[in-house]
Amino acid sequence: MVLRSERFDDVYFSAEDGLAETRHVFLAGNDLPGAWVGKECFVIAETGFGTGLNFLAAWKLFEETAERGQELHFMSVEKFPLTLEDVRSALSHWAEIEPYADALMRAYRDAGGGDVRAKITDTVSLEVQIGDANEVLPAWERPVDAWFLDGFKPASNPDMWTGTVFAAVHRLTGTGGTFATFTAAGFVRRGLRDAGFEVAKVPGFGTKRDMLRGVKP
Ligand SMILES: C[S@@+](CC[C@H](N)C(=O)[O-])C[C@H]1O[C@@H](n2cnc3c(N)ncnc32)[C@H](O)[C@@H]1O
């Protein structure tokens, strides 16, 4: 059973295979691992931390491909943090990420339901700010290399796909920085384009025909 939100009438990730979806949409969609080659510290930012699956998939890929001494910083925002039990149960589906999930669980538990600020390994750090993306992102200052735009579907979670969010995402992105998202909704495509991104519609995961990826020229 895939974890579902009653509030947003949507699933946290694909019922087909959430990890495969993450790899297709967010990792490949942002040209990872290629994009972090040669970068001393690569910064990923995400809208909607949820279960942390996207973080774990990015961290695992980083471990497998990064050069010695490279660092990964992953920042996310979450308005409705899940319980530790929900996160544990949702992530237990994938044996290959179990050791990574255990480390996340410890950081999540230590945060006690508040913001997470954790050095997960010597080279990987995680920051999850609890709050509304429309209030949290405009206050961020750290330049971002790649975005995982992962709210629930825009029709049921319009707050996550606003001009305020798109403007903050664009402002924080360095030249050549990228975003990827599972949705291809017209107003999201136009919003990100109007914010200043070059946006492309590309094949989505599984039964989803299209998704969006983009670059800040
Ligand atoms: C599709 S889920 C994210 C899945 C997640 N990336 C993962 O790896 O499990 C969307 C997330 O966005 C959060 N969310 C919805 N509206 C929000 C808002 N306005 N600000 C911040 N987070 C929000 C939801 O609570 C949910 O956790």
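Small disclaimer: the values here were computed from a predicted structure and weren't measured. Order of listing sets the numbers, starting from 1, for every ligand and every atom in it. Below, each value reflects all heavy atoms present in this structure, side chains not excepted, and no hydrogens, waters or symmetry copies.
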- Query: So, for Phe74 and Trp59, is the gap between ring centers shorter than 6.0 Å?
  - Reply: no
- Task: Tell me yes or no: between the side chains of Thr162 and Asn134, is some donor less than 3.5 Å from an acceptor?
- Result: yes
Report all N/O contacts between ligand 1 and the protein shorter than 3.5 Å as a table of atom names and distances to 0.1 Å; if there are none, say 'none'.
{"residue": "ligand 1", "atom": "6 (N)", "partner": "Glu46", "partner atom": "OE2", "Å": "3.1"}
{"residue": "ligand 1", "atom": "6 (N)", "partner": "Gly48", "partner atom": "O", "Å": "2.8"}
{"residue": "ligand 1", "atom": "6 (N)", "partner": "Asn54", "partner atom": "ND2", "Å": "3.1"}
{"residue": "ligand 1", "atom": "6 (N)", "partner": "Asp150", "partner atom": "OD2", "Å": "2.7"}
{"residue": "ligand 1", "atom": "8 (O)", "partner": "Leu53", "partner atom": "N", "Å": "3.2"}
{"residue": "ligand 1", "atom": "8 (O)", "partner": "Asn54", "partner atom": "N", "Å": "3.0"}
{"residue": "ligand 1", "atom": "9 (O)", "partner": "Thr51", "partner atom": "N", "Å": "2.9"}
{"residue": "ligand 1", "atom": "9 (O)", "partner": "Thr51", "partner atom": "OG1", "Å": "2.6"}
{"residue": "ligand 1", "atom": "16 (N)", "partner": "Asn157", "partner atom": "ND2", "Å": "3.1"}
{"residue": "ligand 1", "atom": "19 (N)", "partner": "Asp132", "partner atom": "OD1", "Å": "3.4"}
{"residue": "ligand 1", "atom": "20 (N)", "partner": "Ala133", "partner atom": "N", "Å": "2.9"}
{"residue": "ligand 1", "atom": "22 (N)", "partner": "Lys79", "partner atom": "N", "Å": "3.1"}
{"residue": "ligand 1", "atom": "25 (O)", "partner": "Glu78", "partner atom": "OE2", "Å": "2.5"}
{"residue": "ligand 1", "atom": "27 (O)", "partner": "Glu78", "partner atom": "OE1", "Å": "2.6"}
{"residue": "ligand 1", "atom": "27 (O)", "partner": "Glu78", "partner atom": "OE2", "Å": "3.2"}

- Taking atom types as modelled and ignoring hydrogens, do the side chains of Asp150 and Asn54 form a donor-acceptor contact shorter than 3.5 angstrom? yes
Please list, one pair per line, the donor and acceptor atoms closer than 3.5 Å that link side chains of residues 106-116 to other protein atoms, with sequence neighbours excluded.
{"residue": "Tyr108", "atom": "OH", "partner": "Leu82", "partner atom": "N", "Å": "3.2"}
{"residue": "Tyr108", "atom": "OH", "partner": "Leu82", "partner atom": "O", "Å": "2.7"}
{"residue": "Asp115", "atom": "OD1", "partner": "Ile130", "partner atom": "N", "Å": "2.8"}

- Message: Under 4.0 Å between a side-chain nitrogen and a carboxylate oxygen: does that hold for Lys60 and Glu63?
- Response: no
- Query: Quick one: do Glu64 and Arg23 make a salt bridge, cutoff under 4.0 Å?
  - Reply: no
